[in-house]
Amino acid sequence: MQWVTVNDALTGVVPVNSEVTLKGWVRTRRDSKAGLSFIQLNDGSCLANVQLVAQNSLPNYEDQIAHLSAGCAIEADGVLTPSQGRGQSVELQASAIRLIGAVDDPETYPIQPKAHSYEFLREVAHLRPRTNTFGALTRVRHELAQAVHSFLHGQGYYWISTPIITASDAEGAGQMFRVSTLDQVNLPRTDKGEINYDEDFFGTETFLTVSGQLNVEAYCLAMSRVYTFGPTFRAENSNTARHLAEFWMIEPEIAFADLAANADLAEAMLKSVIGTVLERCETDLAFLAERSDKGLIDRLRALTDSEFVRMDYAEAIEVLAKSGKRFEFPVTWGADLQTEHERYLTEEHVGRPVVVMNYPEKIKAFYMRLNDDERTVAAMDVLAPGIGEIIGGSQREERLEQLDRRMRQFNIDPAHYQWYRDLRRYGTVPHAGFGLGFERLVAYITGMGNVRDVIAYPRTPGNAPF
RNA sequence: UCCCGGAUAGCUCAGUCGGUAGAGCAAGUGACUGUUAAUCACUGGGUCGCAGGUUCGAGUCCUGCUCCGGGAGCCA
């Protein structure tokens, strides 16, 4: 008998009256003393369950079927038939049900047929994909990742797998996790008493990457259009709904491009991938919207149809100053925008994503290109309602003298960046790129309030249990 | 890291003035029914986060710690 997915069984891919096998996990069981049981079966292929109808004439009915509880793994053979009941168009009239994996203590099985808090589900991260919500989130996340690859591929971008382990120690994005095979109890020391990393695995200090940007720039200056899509790591003690110690980032890099082209790509990419997911995950998104924010889908549709507002940092400061709002942090030219400022701009002033460009050079990273005014750099942030900064990017400093000047200004030793400086010595061109936080994007699209709930196993300070 | 809030049954929570533990859901059993997170009845289920302290007596008051959440900072 042919094994088919629940999705294929329910959506007509498998013709009615076919004899098939379904495999999955029990959600609920309802018994009828008319001599049959109804079993809701889910296999992750879609949000919906398929209803199995099990007659008490089945040989293992009394022993096994009548005791099936949430979470039991089963296989069911039978004929797909039009349903006699309401609530589903087809169901499986089971000719055999095999118990593959029982639940040994139904009372303590954590996933019950009821609403659970997200906090509780994080404590059972290995079982939460068995809930409707996390099934839907998992499918949306997957389609979104596919959509990102597909969009960039369609625009002629090459996916570069940049390294996870890096020796660059100051990519300008915060604290790093050390990677070492040294004996932590008996660390080898130099004559001066310092830890001797010559004896470490790579013969030098190494860390987990905080960004693939510097590496991908090198490929950009050969392949023209490239991107990274992989995990990144920040050892910051950040405890918010928007931060993870391990998260995934998409970083396109465009050669022969300036900040405006960068912003255009960011806008086109967001609209494209959101449009794709709206189309491909309609059911899952509708379910998630029902649970989080009923206006979600309309807002996403509106976003794909509208122009993102572009605004200079100076203009943003002016808007904030004239807003009449009382902010906790003062609004002055030269200070970085605080969360409250970003929220006002994107949620109240514009009501859609907004691109803020050309920030003061003092508050931005060394590799960002100095503008002609010599007091701003060609940096941009894309701010989205509810989630804040979803993209950060810039045109890169392609002029060697300016880059060296900026490195000295930020107390960065050019000796550590010889290979990065080479890119400015050998055929340098204007280029630009950005980083899109994948979990923030998934959270924004699904209406989830916490990035810990859109990644399978969230890593946060003091928390990596699975 | 800072500010605020919280931790009581498998889950979500209530617990009055300090007087010895409650509900709903879940689970088990039964009744009923082509049922729809069914319905009804009964039953079992507790180291009240941990450690101290005050008190005749602490889930309740005090101190410390741990963990969780919300907000802030840092950022994607």
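Just so you know, these numbers come straight off a predicted model, no measurement behind them. Letters A, B, ... mirror the listed sequences (proteins, then strands); counts begin at 1.
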Expressed as a whole number of angstroms, how long is the span from [X]:[atom1] to [N]:[atom2]?
X        : N      : atom1 : atom2 : value
A/Asn239 : B/rC75 : CG    : P     : 16 Å
A/Tyr359 : B/rA76 : OH    : C1'   : 13 Å
A/Leu337 : B/rA76 : CG    : C1'   : 16 Å
A/His243 : B/rG69 : NE2   : C1'   : 17 Å
A/Arg459 : B/rC75 : CZ    : P     : 24 Å
A/Glu439 : B/rC75 : CD    : C1'   : 14 Å
A/Glu91  : B/rG34 : CD    : C1'   : 8 Å
A/Glu342 : B/rC75 : CD    : P     : 10 Å

Among [options], the one nearest [X] by side-chain distance:
X        : options                : answer
A/Gln84  : B/rA76, B/rG10, B/rG34 : B/rG34
A/Gln88  : B/rA72, B/rA76, B/rU35 : B/rU35
A/Arg234 : B/rC74, B/rG34, B/rA76 : B/rA76
A/Arg440 : B/rU36, B/rC74, B/rC75 : B/rC75
A/Gln40  : B/rU36, B/rC11, B/rA72 : B/rU36

**Q.** Complementary nucleotide of B/rG30, counting Watson-Crick and G-U pairs under 3.5 Å
**A.** B/rC40

Q: Could you check which nucleotide pairs with B/rC67 in any of the strands shown, counting Watson-Crick or G-U wobble with both distances under 3.5 Å?
A: B/rG6

Q.
Restricting to salt bridge (charged side-chain N to carboxylate O under 4.0 Å, His left out), what partner residues turn up for A/Glu361, sequence neighbours left out?
A.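 A/Glu361 satisfies salt bridge (charged side-chain N to carboxylate O under 4.0 Å, His left out) with A/Arg406 once adjacent residues are dropped.
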
Q.
With nearest nucleotide decided by heavy atoms, which residue, A/Pro461 or A/Ala241, maps closer to the 5′ end of RNA chain B?
A.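 Looking at RNA chain B, the more 5' nearest nucleotide goes with A/Pro461.
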
Q: Could you say whether A/Trp248 or A/Thr28 is positioned toward the 5' end of RNA chain B, judged by the nucleotide with the nearest heavy atom to each?
A: A/Thr28

Could you verify whether a donor N or O on one side chain and an acceptor N or O on the other, from [X] and [Y], lie under 3.5 Å apart?
X        : Y        : result
A/Arg396 : A/Ser394 : yes
A/Tyr61  : A/Ser37  : yes
A/Thr376 : A/Asn371 : yes
A/Ser45  : A/Asp43  : yes
A/Ser306 : A/Arg352 : yes
A/Tyr367 : A/Gln213 : yes
A/Glu251 : A/Thr228 : yes

**Q.** Donor-acceptor under 3.5 Å (A/Arg234 side chain, A/Val210 main chain)
**A.**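 Checked: pair present.
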
(Q) Treating A/His341 as the side-chain partner and A/Gln338 as the backbone partner, does any N or O pair qualify as donor plus acceptor under 3.5 Å? (A) yes

If the [atom1] atom of [N] is compared with that of [M], how far apart are they to the nearest Å?
N      : M      : atom1 : result
B/rG28 : B/rC65 : C1'   : 39 Å
B/rG44 : B/rU29 : P     : 15 Å
B/rG49 : B/rG6  : C1'   : 11 Å
B/rU60 : B/rU8  : C1'   : 11 Å
B/rA51 : B/rA58 : P     : 15 Å
B/rG57 : B/rG69 : C1'   : 34 Å
B/rG24 : B/rC40 : P     : 11 Å
B/rA14 : B/rG5  : P     : 16 Å

Q | Stretch residues 118-141 of chain A: residues that reach within less than 4.0 Å of RNA chain B through a heavy atom | A | A/Glu119, A/Phe120, A/Arg122

(Q) Does atom NE2 (A/His153) have a neighbourhood of more than 12 heavy atoms from anything else shown, all under 6.0 Å? (A)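 Atom NE2 in A/His153 is not packed in, count stays at 12 or less.
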
Q) Quick one: the side chain of A/Ser238 and the base of B/rC74, do they pair up donor-acceptor inside 3.5 Å? A) yes

Q) With no angle test and no hydrogens, is the base of B/rG71 tied to the side chain of A/Glu328 by a donor-acceptor pair under 3.5 Å? A) no

Q.
Considering every strand and a 4.0 Å limit on heavy-atom distances, what is the contact class for A/Ile390: base, sugar-phosphate, or nothing?
A.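 A/Ile390: backbone/sugar contact only, no base atoms under 4.0 Å.
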
Q. So what does A/Thr232 hit on the nucleic acid, given a heavy-atom distance under 4.0 Å: a base, only sugar-phosphate, or nothing?
A.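 A/Thr232: no heavy atom of the nucleic acid under 4.0 Å.
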
Q.
Tell me whether A/Phe38 and B/rG34 count as stacked here, given that the ring centres must be under 5.5 Å apart and the planes must differ by less than 30 degrees.
A.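 It does not: the ring fails the test against the base of B/rG34.
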
Q. For the rings on A/Phe229 and A/Phe438, is their centre-to-centre separation under 6.0 Å?
A. yes

Q | Base-contact (B) and sugar-phosphate-only (S) positions in nucleotides 24-33 of chain B, heavy-atom cut-off under 4.0 Å, - elsewhere | A | BBBS-S-SBB

